[in-house]
Amino acid sequence: MKPQLAVLYEHPKWFEPLFAALERRGIAFEAIRLSDHSFDPTSSDIPAPVVLSRVAMSSFLREVDHGIFYAESLLAHWASRGARVLNGAEVIAIDSSKARQLSLISGLGYAVPDTRVVHRVDDLVPASRGMAYPLLVKANIGGSGAGIVRYSNEAELAQSVREGTAPDSVDKVLLLQDYAPARSGSIIRIETLGGRFLYAIEVESGGDNFDLCPADACVSAPGRTAIRMAAVTPAPKIIEAAERIAQAVGLNVGGVELLIDDRDGTPRFYDINALSNFVADPLNVLGWDPHERLVDYLAAAIAQKEGQ
């Protein structure tokens with residue numbers, strides 16, 4: 001019997017709570033590990049009527065031969081053969097490009113940090129002229145804070161470029177970005193489901209630690225510094241902005257991150273993340289388990305597909 005749902009995933013630990021929630025609800029699913037996978041582009045077979053992508057942009061940190069671009073092709077293929085793909089190829093195309101994210105966000109009329117985009121490391125210093133230090137250099141494809149370095153002045157940046165220590169990105173696209181001071185030393189991550197607000201958490205963002213992943217598997221990782229996080233209710237205009245961004249991306253489930261610029265109080269949106277592995281210890285942080293809401297959403301998608 002073909003499963004009702006297929007979940008394409010890469011990280012071996014992040015999705016255990018989701019799989020457990022699906023099992024509790026009696027939803028037949030197949031968990032498909034991205035590693036070692038292959039497909040026939042002429043085949044009409046799909047793994048299930050509904051497919052959920054849980055592909056992490058940080059997968060390049062765990063595997064040199066990561067599957068980010070492969071997954072984009074695979075999900076597009078399954079969609080073309082009739083599967084309803086959640087967080088599909090179009091979403092991966094945005095999730096895998098911070099430059100495209102910022103363009104989309106600013107096109108909707110929301111503030112982003114002052115940014116320049118280059119495709120050669122040697123262009124970082126010329127592009128930085130006219131910008132105010134300190135600056136961040138960010139990899140276009142990142143994850144878990146990877147590929148982000150803070151520079152205090154042009155000399156520091158120039159030395160890093162000369163010595164080959166500047167960040168790199170698997171697609172060779174880099175961003176120079178204003179190091180906006182976050183009010184209260186925290187960023188806000190708003191999770192959405194079906195383009196609507198699900199919950200928000202405030203995550204401590206101190207110093208040069210940019211790994212702010214709040215999930216269980218991140219929080220418990222060996223050697224990782226503990227981070228403070230708490231449930232918050234952002235202002236209605238911020239929630240509305242996050243929903244509009246999620247809807248413009250076509251995000252079925254995922255997060256939108258922002259900070260309140262302490263210099264002028266402006267909310268600045270800087271990241272769209274299609275991989276929501278949800279907050280660690282949700283019953284204590286939120287008072288409820290968001291995986292149950294996600295399973296509700298998946299069950300509705302399955303029922304809708306079966307009714308077609």
Quick one: does [X]'s side chain get under 4.5 Å of [Y]'s, heavy atoms only?
X	Y	result
Phe197	Glu240	no
Val295	Tyr297	no
Leu8	Leu52	no
Leu176	Leu136	no
Leu275	Arg54	yes
Asp271	Gln101	yes
Glu306	Ile302	yes
Arg183	Asp261	no

* Phe19/Tyr9 aromatic ring centres below 6.0 Å -> yes
* Asked: Is the Tyr110 to Tyr270 ring centre distance short of 6.0 Å?
  -> no
Strictly distance-based, threshold 3.5 Å: is any side-chain N or O of [X] a donor or acceptor partner for the main-chain N or O of [Y]?
X	Y	result
Thr192	Gly195	no
Tyr70	Ser38	yes
Asn140	Ser97	no
Ser106	Ser103	yes

* Asked: With a distance cut-off below 6.0 Å to the six-membered ring centre and an angular limit of 45° from the axis, does Arg293 pair with Trp288 as a cation-pi contact?
  ->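 Pair Arg293/Trp288 counts as cation-pi.
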* **Over all atoms of both residues, closest heavy-atom pair of Ala111 and Thr266** => CB-CG2, 3.6 Å
* Shortest non-hydrogen separation from Arg244 to Leu108 and the atoms involved ->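 Answer, listing the atom of Arg244 first, then Leu108: NH1-O, 3.4 Å.
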Polar side chain donor-acceptor pair, [X] to [Y], under 3.5 angstrom:
X	Y	result
Ser128	Tyr133	yes
Ser186	Glu204	no
Gln304	Gln308	no

Report whether [X] and [Y] are members of the same hydrophobic cluster (ILVMFWY, side-chain heavy atoms less than 4.5 Å apart, transitive linking).
X	Y	answer
Phe269	Tyr179	no
Ile141	Leu74	yes
Leu259	Tyr199	yes
Ile239	Ile187	no

* To do: Apply the test salt bridge (charged side-chain N to carboxylate O under 4.0 Å, His left out) to residues Asp123 and Arg120: give CA-CA distance (whole Å), side-chain angles for both, the deciding distance (0.1 Å), then the verdict.
  => CA-CA 5 Å; Asp123 291 331; Arg120 302 186 309 174; 2.9 Å; yes
* To do: Determine, step by step, whether Glu30 and Lys2 satisfy the salt bridge (charged side-chain N to carboxylate O under 4.0 Å, His left out) criterion, reporting the C-alpha distance in whole Å, the side-chain angles of both residues, the deciding distance to 0.1 Å, and the verdict.
  => CA-CA 9 Å; Glu30 179 183 2; Lys2 182 171 282 191; over 6 Å; no
* Taking 4.0 angstrom as the limit, do Arg25 and Glu23 come out as a salt bridge? ->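 Answer for the salt bridge query: no.
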* Taking 4.0 angstrom as the limit, do Arg189 and Glu202 come out as a salt bridge? ->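 Not counted as a salt bridge, because no side-chain N and carboxylate O are separated by less than 4.0 Å.
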* Asked: Looking at Arg116, Arg263, Lys138, which one forms a salt bridge (Lys or Arg N to Asp or Glu O under 4.0 Å) with Asp178?
  ->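 Answer after filtering Arg116, Arg263, Lys138: Arg263.
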* Asked: How many angstroms lie between atom CD1 of Ile190 and atom CG of Asn273, to the nearest 0.5 angstrom?
  ->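 Ile190 CD1 to Asn273 CG: 13.5 Å, rounded to 0.5 Å.
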